[in-house]
Amino acid sequence: MLRGKRVIVTGASSGIGEQMAYHLARMEAHLLLTARTEAKLQKVVERCLELGAASARYISGSMDSPSLPEEVLSEAENTWGGLDMLILNHIGQSSFSYFSGDVGHVRKLMDINFVSYVALATAALPMLKESEGSIVVVSSIAGRIAGPFTAPYSATKFALDGFFSSLRQELIIEKVNVSITLCILGYINTESAMRAVSHVIPDTPAPKEECALEIIRGGALRWREVHYPPRTVSSMLLLRSFAPELLDSIVRGSYRVENVRRT
Ligand SMILES: NC(=O)C1=CN([C@@H]2O[C@H](COP(=O)(O)OP(=O)(O)OC[C@H]3O[C@@H](n4cnc5c(N)ncnc54)[C@H](OP(=O)(O)O)[C@@H]3O)[C@@H](O)[C@H]2O)C=CC1
Ligand SMILES: C[C@H](CCC(=O)O)[C@H]1CC[C@H]2[C@@H]3C(=O)C[C@@H]4C[C@H](O)CC[C@]4(C)[C@H]3CC[C@]12C
């Protein structure tokens with residue numbers, strides 16, 4: 001379904017975004033990748049071309065720059081003349097620890113993890129309306145159920161749900177055939193996530209390669225939501241609707257709280 005399609009992946013220099021780029025390359029899509037680190041993006045682009053991407057290029061920059069979203073979408077318009085899928089995946093750095101009271105960090109993280117997603121989707125919508133394309137928003141179980149030690153991060157992910165679920169309703173009312181897929185992910189074995197939480201959360205994380213493929217599948221099939229790993233996410237969501245306090249206490253009890261670093 002994605003052969004020859006024009007796809008933007010943000011946060012594609014590592015982790016789940018990098019794996020999505022490789023899957024899309026094998027599917028022979030055209031790729032435009034973004035992240036801050038040019039050297040890593042160059043390597044990912046090279047690998048994508050080896051794997052069979054129809055084309056692959058990148059733009060480097062930080063998503064707290066207000067001009068970057070427009071720049072990325074102009075690049076897509078100028079090189080491809082359109083866009084079929086926008087995968088919003090990047091996140092700014094945040095620690096897994098008690099809230100330090102740093103309001104500036106919350107503001108910056110909101111800009112990177114939320115406002116830039118809105119700006120990218122806004123700039124992409126004219127092309128996506130034309131192609132009847134898709135927006136894929138990578139979120140987290142921490143954007144549906146707030147556990148401890150992720151207050152600023154959780155807030156940015158809850159905001160994504162509010163904005164994109166409302167936008168989805170408006171597109172349906174206006175009979176605009178652009179799908180919005182929200183991805184609710186549990187713990188995945190990317191380097192950054194394991195570095196942040198493995199000393200506190202003893203669970204085995206799910207594989208990033210399979211996670212990346214499920215996100216792409218959900219986007220291509222225009223699903224409303226992707227839940228991955230499906231059993232963990234669905235059972236946590238179910239328990240939250242029937243017994244939220246029990247769930248909160250299970251989550252607190254499963255953490256090695258004594259290992260949490262204070263920043
Ligand atoms: N791994 C997990 O357990 C889970 C992950 N998720 C979600 O999955 C997505 C991917 O996470 P994961 O792969 O683990 O994260 P990674 O840390 O591996 O990747 C994050 C990506 O974002 C880029 N990035 C970081 N800061 C910025 C910035 N300021 N501007 C632009 N790009 C930036 C990074 O590249 P660079 O540093 O070069 O800029 C990198 O490409 C996120 O949306 C995350 O919330 C959800 C639930 C669980
Ligand atoms: C452990 C949580 C799920 C509950 C369970 O017992 O399985 C994880 C679900 C979501 C994770 C966080 C997340 O969304 C990604 C962040 C990425 C950052 O780089 C650092 C780590 C995260 C805060 C990560 C931590 C584990 C979860 C809360």
Side-chain angles (χ1 to χ4, degrees), residues 9-21 33-44 58-66 68-69 71-72 87-97 108-117 119-120 136-158 160 182-209 211-212 214-215 226-229 231-237 239-240 247-248 250-256 260:
V9 184
T10 71
S13 65
S14 64
I16 299 164
E18 178 183 0
Q19 297 306 317
M20 288 195 278
L33 311 178
T34 77
R36 289 170 307 171
T37 318
E38 192 163 2
K40 286 195 202 166
L41 284 170
Q42 267 168 1
K43 285 191 182 151
V44 177
Y58 68 84
I59 295 191
S60 60
S62 178
M63 282 295 174
D64 55 359
S65 149
L68 188 59
E71 245 178 78
V72 172
I87 305 184
L88 299 169
N89 167 75
H90 64 275
I91 44 167
Q93 205 180 344
S94 56
S95 61
F96 189 73
S97 55
K108 185 170 178 183
L109 207 62
M110 270 290 175
D111 273 343
I112 298 170
N113 291 10
F114 172 63
V115 178
S116 73
Y117 278 44
L120 285 155
V136 177
V137 179
V138 180
S139 187
S140 166
I141 191 80
R144 277 280 161 85
I145 299 168
F149 314 124
T150 56
Y153 171 82
S154 236
T156 67
K157 294 298 193 182
F158 270 79
L160 289 175
L182 190 69
C183 305
I184 312 293
L185 308 182
Y187 184 20
I188 311 300
N189 68 357
T190 62
E191 270 177 42
S192 63
M194 292 195 298
R195 201 180 320 121
V197 302
S198 59
H199 56 296
V200 180
I201 299 173
D203 305 1
T204 306
K208 59 188 177 191
E209 297 81 1
C211 175
E214 283 306 299
I215 294 171
V226 168
H227 292 179
Y228 184 87
R231 258 191 258 160
T232 315
V233 171
S234 302
S235 53
M236 284 181 78
L237 293 177
L239 190 54
R240 195 210 39 172
L247 176 65
D248 282 357
I250 293 172
V251 169
R252 285 194 304 271
S254 67
Y255 287 4
R256 294 186 182 130
V260 174

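Both ligands and their constituent atoms are indexed starting at 1 by order of listing.
Without hydrogens or angle criteria, Ser254 side chain to Val251 main chain gives a donor-acceptor distance under 3.5 Å. In this structure, the side chain of Lys157 engages the main chain of Val138 through a donor-acceptor pair within 3.5 Å. Side-chain N or O atoms of Arg144 include none that pairs as donor or acceptor with a backbone N or O of Val233 at under 3.5 Å. A donor-acceptor pair under 3.5 Å is formed between the side chain of Ser154 and the backbone N or O of Ala142. With hydrogens and angles disregarded, a donor-acceptor distance shorter than 3.5 Å links the side chain of His90 to the backbone of Ile112. Remark: side-chain polar atoms of Asn113 are paired, donor with acceptor, to backbone N or O of Gly92 under 3.5 angstrom.
For the atom pair Asn189 CG and Glu209 CD, the distance stands at 6.0 Å (nearest 0.5 Å). The distance from the CD1 atom of Ile215 to the SG atom of Cys183 is 5.0 Å, given to the nearest 0.5 Å. Note that the CD atom of Glu214 and the SG atom of Cys211 stand 8.5 Å from one another [nearest 0.5 Å]. Once rounded to the nearest 0.5 Å, the distance linking CG of Asn89 with OG1 of Thr10 reads 5.5 Å.
Here the protein heavy atom with the shortest distance to atom 13 (O) of ligand 1 is Ile16 N, 2.8 Å. Considering only non-hydrogen protein atoms, atom 32 (N) of ligand 1 sits nearest to His90 CB, 3.7 Å. Atom 44 (C) of ligand 1 has as its closest protein heavy atom Tyr153 OH, 3.6 Å. Protein heavy atom closest to atom 17 (C) of ligand 2, with residue, atom name and distance, is Ile91 CD1, 4.0 Å. Looking only at heavy atoms of the protein, atom 3 (C) of ligand 2 is closest to Ile141 CG2, 4.0 Å. From the protein, the heavy atom lying nearest to atom 27 (C) of ligand 1 is Arg36 NE, 3.4 Å. The shortest contact between atom 15 (O) of ligand 1 and any protein heavy atom is with Ser192 OG, 3.7 Å. Nearest to atom 27 (C) of ligand 2 among the protein's heavy atoms is Ile201 CD1, 4.7 Å. Remark: minimum distance from atom 42 (C) of ligand 1 to any protein heavy atom is reached at Asn89 O, 3.1 Å. Scanning all protein heavy atoms for the shortest distance to atom 38 (O) of ligand 1 gives Thr37 OG1, 2.5 Å. Regarding atom 30 (N) of ligand 1, its nearest protein heavy-atom neighbour is Met63 N, 2.8 Å.
Close N/O approach between Ser94 and ligand 2 is not found [any backbone or side-chain N/O within under 3.5 Å]. Between Tyr153 and ligand 2, at least one pair of N/O atoms sits closer than 3.5 Å. Between Gly17 and ligand 1, no pair of N/O atoms sits closer than 3.5 Å. Residue Ala35 has no N or O atom closer than 3.5 Å to an N or O atom of ligand 1.
Using a 4.0 Å cut-off to heavy atoms of Thr190, the atoms of ligand 1 that qualify are 1 (N), 12 (P), 13 (O), 14 (O). For ligand 2 and Thr150, the ligand atoms under 4.0 Å from any heavy atom of the residue are 23 (C). Taking every heavy atom of Asp203 and a limit of under 4.0 angstrom, the matching atoms of ligand 2 come to 5 (C), 6 (O), 7 (O). Numbered from 1 in the order shown, with element, the atoms of ligand 2 that lie under 4.0 Å from a heavy atom of Ser140 read 10 (C), 13 (C), 14 (O). Counting the atoms of ligand 1 from 1 in the order shown, those under 4.0 Å from a heavy atom of Ala193 are 1 (N), 2 (C), 3 (O). Close approach of ligand 2 to Ala196 (heavy-atom distance below 4.0 Å) involves ligand atoms 20 (C), 21 (C). The distance from ligand 1 to the heavy atoms of Gly15 drops below 4.0 Å at these ligand atoms: 13 (O), 18 (O). The distance from ligand 1 to the heavy atoms of Ile112 drops below 4.0 Å at these ligand atoms: 29 (N). Each of the following atoms of ligand 1 lies closer than 4.0 Å to a heavy atom of Tyr187: 3 (O).
Using a 4.0 Å cutoff on heavy atoms, Lys157 counts as a contact of ligand 1. Heavy atoms of Asp64 come nearer than 4.0 angstrom to ligand 1 in no pair at all. The closest approach between any non-hydrogen atom of Ser60 and ligand 1 is not below 4.0 Å. Ser139 counts as a contact of ligand 1, since one of its heavy atoms falls under 4.0 Å from the ligand. Heavy atoms of Gly186 approach ligand 1 to within less than 4.0 angstrom.
Taking a 6.0 Å sphere around CD of Gln93, one finds it holds 12 or fewer heavy atoms contributed by other residues, nucleotides or ligands.
In this structure, Thr232 and Tyr187 have side chains that are not in contact, with every pair of non-hydrogen atoms separated by 4.5 Å or more. Between Thr190 and Gln19 there is no side-chain heavy-atom pair separated by less than 4.5 Å. Under the 4.5 Å side-chain criterion, counting only non-hydrogen atoms from C-beta, Glu191 is not in contact with Ser14. Between Ile201 and Tyr255, some side-chain heavy-atom pair lies under the 4.5 Å cut-off. Side-chain atoms of Tyr117 and Met63, non-hydrogen and from C-beta on, never get closer than 4.5 Å to each other. In this structure, the side chains of Val136 and Val226 stay at 4.5 Å or more apart for every pair of heavy atoms. Taking the side chain as every heavy atom from C-beta outward, Leu68 and Ser116 never approach each other to under 4.5 Å. Using a 4.5 Å heavy-atom cutoff, the side chains of Leu237 and His227 are in contact.
Contacts between Ala12 and ligand 1 below 4.0 angstrom, taking non-hydrogen atoms only, involve the backbone exclusively. At a heavy-atom distance under 4.0 Å, no atom of Val251 approaches ligand 2.
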Original post:
Run the side-chain contact (heavy atoms from CB on, under 4.5 Å) check on Phe149 and Val197 step by step: do they pass?
Top reply: CA-CA 10 Å; Phe149 314 124; Val197 302; over 6 Å; no
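Nearest-residue assignment for atom 24 (N) of ligand 1 (options Ile91, Ile184, Val233; heavy-atom criterion): Ile91. By heavy-atom distance, the residue among Gly92, Ser65, Ser14, Ser140 lying nearest atom 40 (C) of ligand 1 is Ser14.
Atom 10 (C) of ligand 2 is approached by the protein to below 4.0 angstrom, counting heavy atoms only. In this structure, atom 25 (C) of ligand 2 has a protein heavy-atom contact shorter than 4.0 Å.
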